[in-house]
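In this text the structure is predicted, and so the values were computed from the model without any measurement.
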Amino acid sequence: MLNTEFARDPRDVAPELLNKLIVAEDRVARIVEVEAYCGEEDPASHAYGGKTARNSVMFGPPGRLYVYFTYGMHWCANVVCGPEGLARAVLLRAASPVFGLDEMRLARPRARRDVDLCNGPAKLCQAMGIDGSMNGTELIDARGRLAIFDDGVDPPPTPGVGPRVGISAGTDLPWRWWVDGDSCVSAR
DNA sequence: CTTTGGATCGTCT
DNA sequence: GACGATCCAAAGG
């Protein structure tokens with residue numbers, strides 16, 4: 001996946017990220033659920049209300065990872081999209097483990113079944129070993145620890161579409177997409 | 001199976 | 001001082 005492909009509206013990028021691979025060091029998972037957040041114009045976005053220390057990565061160049069800490073214990077990860085400066089991003093909500101499952105199980109001892117390793121935004125980060133130290137990391141740099149990789153599996157032609165999860169504003173906007181029928185999707 | 005409430009702390013008002 | 005782009009265990013049906 002080329003960096004320039006992220007320099008677009010997250011509502012276009014998000015469904016195209018379905019079935020792409022996220023690679024973090026020795027672990028690989030296939031993205032099956034995403035949400036778009038549209039910067040200062042989106043009441044559900046962390047960027048609503050302007051730039052702060054926490055959300056500053058979203059205001060930077062596309063193709064970087066925005067990692068935030070929430071609920072006092074969880075990390076979640078977004079891909080920064082474009083146009084640059086508008087703080088738009090795609091939240092990685094769920095993935096299907098592909099490789100490195102032993103490491104994922106070690107990172108998530110609470111997960112009873114393998115399906116529970118990455119079926120939520122904070123679970124995905126915990127399983128993949130993503131935390132705040134990776135905030136702002138380039139996703140495309142082959143030397144980096146993180147990448148999004150296209151292995152030739154196309155996005156679903158007709159993904160599931162619906163409102164975003166866990167927000168209290170902007171609940172009318174259908175900006176969540178998922179691979180319909182996949183057992184690792186976080187919400188039905 | 002579904003529902004409920006506790007955990008836990010950085011961030012912004 | 002309030003509240004999260006959440007997760008999990010426990011309790012109830």
Side-chain angles (χ1 to χ4, degrees), chain A residues 6 9-15 17-18 22 24 29 31-60 62 64-82 86-97 104-137 139 146 148 159-179 182-188:
Chain A
F6 294 120
D9 193 296
R11 289 161 292 190
D12 296 327
V13 175
L17 281 177
L18 294 175
I22 177 165
I31 298 166
V32 299
E33 185 183 0
V34 291
E35 288 176 353
Y37 287 86
C38 289
E40 295 180 88
E41 300 161 18
D42 179 358
S45 171
H46 289 166
Y48 188 68
K51 186 176 179 179
T52 66
R54 173 170 76 151
N55 65 27
S56 63
V57 168
M58 279 201 290
F59 286 83
R64 293 181 177 174
L65 202 69
Y66 164 52
V67 184
Y68 68 90
F69 185 70
T70 191
Y71 290 104
M73 63 193 92
H74 296 307
W75 297 102
C76 297
N78 298 249
V79 179
V80 177
C81 292
L86 296 189
R88 298 180 175 180
V90 174
L91 171 69
L92 304 178
R93 272 202 67 85
S96 177
M104 294 186 196
R105 295 184 191 111
L106 279 173
R108 277 186 47 68
R110 311 307 265 284
R112 295 288 185 159
R113 312 162 300 167
D114 288 347
V115 161
D116 297 319
L117 287 171
C118 300
N119 63 345
K123 298 178 191 177
L124 186 158
C125 285
Q126 194 178 10
M128 299 290 288
I130 295 171
D131 63 21
S133 71
M134 299 178 185
N135 188 34
T137 301
L139 276 168
L146 282 165
I148 289 186
V161 185
R164 294 170 291 181
V165 176
I167 54 173
S168 53
T171 52
D172 52 321
L173 303 167
W175 291 351
R176 169 175 167 256
W177 293 266
W178 63 90
V179 177
D182 193 286
S183 60
C184 293
V185 172
S186 71
R188 292 287 142 174

- Please state how far atom CH2 in A:Trp177 lies from atom P in C:dA5, giving the value in whole angstrom units. 18 Å

- Length of the line joining A:Glu33:CD and C:dA5:P, which is rounded to integer Å: 16 Å

- Going by an N to O cut-off under 4.0 Å, is there a salt bridge joining A:Arg164 and A:Asp42? yes

- Task: Starting from C1' on C:dA5, measure out to OH on A:Tyr37 and report it in whole angstrom.
- Result: 4 Å

- Query: With a non-hydrogen cut-off below 4.0 angstrom, is A:Leu91 in contact with a base, only sugar-phosphate, or nothing?
  - Reply: base

- Task: Measure from the side-chain N and O atoms of A:Asn55 to the backbone N and O of A:Gly50, and report whether any donor-acceptor pair falls under 3.5 Å.
- Result: yes

- Taking Watson-Crick and G-U wobble contacts under 3.5 angstrom, with | marking pairs to another strand and [ ] crossing pairs, the secondary structure of DNA chain C is written ||||.|||||||.

- What heavy-atom pair brings A:Val161 and A:Pro174 nearest, and what distance separates the two atoms? CG1-O, 3.6 Å

- Query: Separation of A:Arg108 atom CZ from C:dT6 atom C1', in whole Å?
  - Reply: 11 Å

- Message: Using a 4.0 Å heavy-atom cut-off, does A:Ala122 contact any base of the nucleic acid, only the sugar-phosphate backbone, or nothing at all?
- Response: sugar-phosphate

- Donor-acceptor pair, side chain of A:Arg108 and main chain of A:Leu117, under 3.5 angstrom: yes

- Query: Is the aromatic ring centre of A:Tyr68 closer than 5.5 Å to the centre of the six-membered base ring of C:dA5, with the two planes inclined by less than 30°?
  - Reply: no

- Taking C:dA9, C:dA5, C:dT6 as options, the one with an atom nearest any side-chain atom of A:Arg110 is C:dA9

- Should the pair A:Phe69 and A:Trp75 be assigned to parallel (<30°), tilted (30 to 60°) or perpendicular (>60°) ring geometry? tilted

- Query: Counting side-chain heavy atoms from CB outward, which of B:dA7, C:dC8, C:dT6 is closest to A:Met73?
  - Reply: B:dA7

- Note on the structure: Among C:dT6, C:dA5, B:dA7, the one nearest any side-chain atom of A:Tyr71 is C:dT6

- Message: I need the CG-P distance between A:Asp131 and B:dG10, as an integer number of Å.
- Response: 14 Å

- Message: Under 4.0 Å from OP1 or OP2 of C:dC8: is there any side-chain N or O of A:Arg112 that close?
- Response: no

- Nearest-angstrom distance from the residue atom NZ of A:Lys123 to P of C:dA5: 18 Å

- Rounded to whole angstroms, how far apart are NE2 on A:His74 and P on C:dC3? 19 Å

- Item | Given B:dC9, C:dA5, C:dG4, the nucleotide with the shortest approach to the side chain of A:Phe69 | B:dC9

- Would you indicate which nucleotide in C:dT6, B:dC12, C:dG4 comes nearest to any side-chain atom of A:Thr52? B:dC12

- So how far is it from A:Phe6 CZ to A:Leu139 CG, rounded to the nearest 0.5 Å? 6.0 Å

- Select from A:Gln126 and A:Asn78 the residue whose nearest nucleotide in DNA chain C is closer to the 5' end of that strand. A:Asn78

- Measure across A:Val80 and A:Val57 and return the closest heavy-atom pair with its distance rounded to 0.1 Å. CG2-O, 3.8 Å

- With the threshold set at 4.0 Å, does a side-chain nitrogen-carboxylate oxygen contact exist between A:Arg110 and A:Asp116? no

- Query: Which part of the nucleic acid does A:Arg54 contact within heavy-atom distance under 4.0 Å: base, sugar-phosphate only, or nothing?
  - Reply: sugar-phosphate

- Task: Round to a whole Å and report the spacing from CG of A:Asn119 to C1' of C:dC8.
- Result: 12 Å

